[in-house]
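We're numbering straight along the sequence, starting at 1. Please read these numbers as outputs of a predicted model, since none were measured by experiment.
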Amino acid sequence: LWAVAAQVRRQAMTEPGGFALPLAALVGATRTVSANGRAILVAWELDHPVHDGSGEAVLGVCETDPDMPGMALVSVNARMVAGRPDLAVSTAAHELGHVVFDVPVALGTPARRYRSVTAGPSALLDRTTAASERRANEFMGALLAPPVQLHLRMLVHARSERLRTVHAPHRGRQGCRVLAADNPPEVIEGVVAALAGDFGVSERFIAVRLSRYGLVQGEQR
């Protein structure tokens with residue numbers, strides 16, 4: 001998952017040395033996706049409300065239509081992400097995860113219609129849902145805040161705040177330390193906020209990634 005996310009990120013990043021992946025860059029780089037040897041055209045819809053089959057507003061949808069072979073249809077609810085560029089790009093990255101990992105199977109069965117619905121923002125951070133949703137979330141996380149880049153940027157902020165670091169198992173830049181568990185919580189919260197600004201995502205998003213990569217002592221999961 002992380003390797004695929006890294007490949008997509010390299011193709012989509014428009015500013016070398018930048019941290020945040022803009023939505024426009026992500027969409028522009030993924031109008032055609034190659035997955036499992038299959039070229040998939042991705043039709044992005046970012047300007048309208050999105051609903052599920054019962055008419056309830058939802059954050060995003062990824063689907064296929066047997067009448068449109070070789071194509072994935074991805075929608076992000078413009079109303080729900082209005083004023084939240086972090087939520088917009090997170091939703092798009094999550095739905096792209098479905099395109100990469102789930103759509104190829106559906107397209108291999110011409111009569112099959114695939115549809116995945118992201119109900120709301122909480123679904124983007126939920127690790128108790130179906131395996132395909134957890135996979136899309138992990139892809140999203142590694143795409144928008146990769147382990148090595150996040151680790152190195154975290155250390156920059158940690159040094160400026162004089163936070164204590166320790167050697168501990170982690171999934172970031174090998175040989176580098178991680179934040180000690182006994183640092184003042186309010187200062188760590190400040191580092192998390194700074195990282196959220198760097199990577200263009202929410203503070204909760206960053207907190208989850210730090211934990212996933214084990215970048216705070218004792219929190220790898």
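- Note that CE of Met140 is 7.5 Å distant from NE2 of His94, once rounded to the nearest 0.5 Å.
- The heavy-atom pair separating Gln217 from Val178 by the smallest distance is N-CG2, 4.0 Å.
- Contact of the Arg212 side chain with the Pro147 side chain is not registered, since no non-hydrogen atoms from C-beta on lie closer than 4.5 Å.
- Side-chain atoms of His98 do not come within 3.5 Å of backbone N or O of Val74 as any donor-acceptor pair.
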Stepwise side-chain hydrogen bond (donor to acceptor under 3.5 Å, both in side chains) check, Glu133 with Ser116: CA-CA 9 Å; Glu133 295 301 319; Ser116 175; 2.9 Å; yes
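- Side-chain contact between Arg135 and Asp102: present, with at least one pair of heavy atoms (C-beta onward) separated by less than 4.5 Å.
- Looking only at side-chain heavy atoms (C-beta outward), Arg10 and Gln7 come within less than 4.5 Å of each other.
- The side-chain heavy atoms of Val191 and Asn183, taken from C-beta on, include no pair separated by under 4.5 Å.
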Considering only distance and modelled atom types, tabulate donor-acceptor pairs under 3.5 Å from the side chains of residues 152-162, sequence neighbours left out.
residue	atom	partner	partner atom	Å
Arg153	NE	Asp198	OD2	2.9
His157	NE2	Asp198	OD2	2.7
Ser160	OG	His157	O	2.7

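- Between Thr91 and Asn77 there is no side-chain heavy-atom pair separated by less than 4.5 Å.
- No donor-acceptor distance shorter than 3.5 angstrom exists from the side chain of Arg164 to the backbone of Ala180, with no hydrogens or angles considered.
- A donor-acceptor pair under 3.5 Å is formed between the side chain of His151 and the backbone N or O of Arg173.
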Mind running side-chain contact (heavy atoms from CB on, under 4.5 Å) on Trp44 and Thr30 for me, showing each step along the way? CA-CA 9 Å; Trp44 289 92; Thr30 57; 3.4 Å; yes
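- A donor-acceptor pair under 3.5 Å links the side-chain atoms of Glu45 to the main chain of Asp47, judged by distance alone.
- Under the 4.5 Å side-chain criterion, counting only non-hydrogen atoms from C-beta, Leu150 is in contact with Tyr213.
- Residue Val117 is found in a hydrophobic cluster whose other members, listed by chain and number, are Val50, Val58, Val61; membership requires side-chain heavy atoms under 4.5 Å apart, directly or through intermediates.
- By the criterion of side-chain heavy atoms lying less than 4.5 angstrom apart, applied directly or through intervening Ile, Leu, Val, Met, Phe, Trp or Tyr residues, Val8 is not grouped with Val148; the two fall into different hydrophobic clusters.
- When all heavy atoms of Thr118 and Ala123 are compared, the pair lying nearest together is CG2-CB, 4.0 Å.
- Nearest heavy-atom pair, Leu26 versus Leu96, reported as atom, atom and distance to 0.1 Å: CD1-CD2, 3.8 Å.
- The two residues Ala106 and Tyr114 make their nearest non-hydrogen contact at CB-CB, 3.5 Å.
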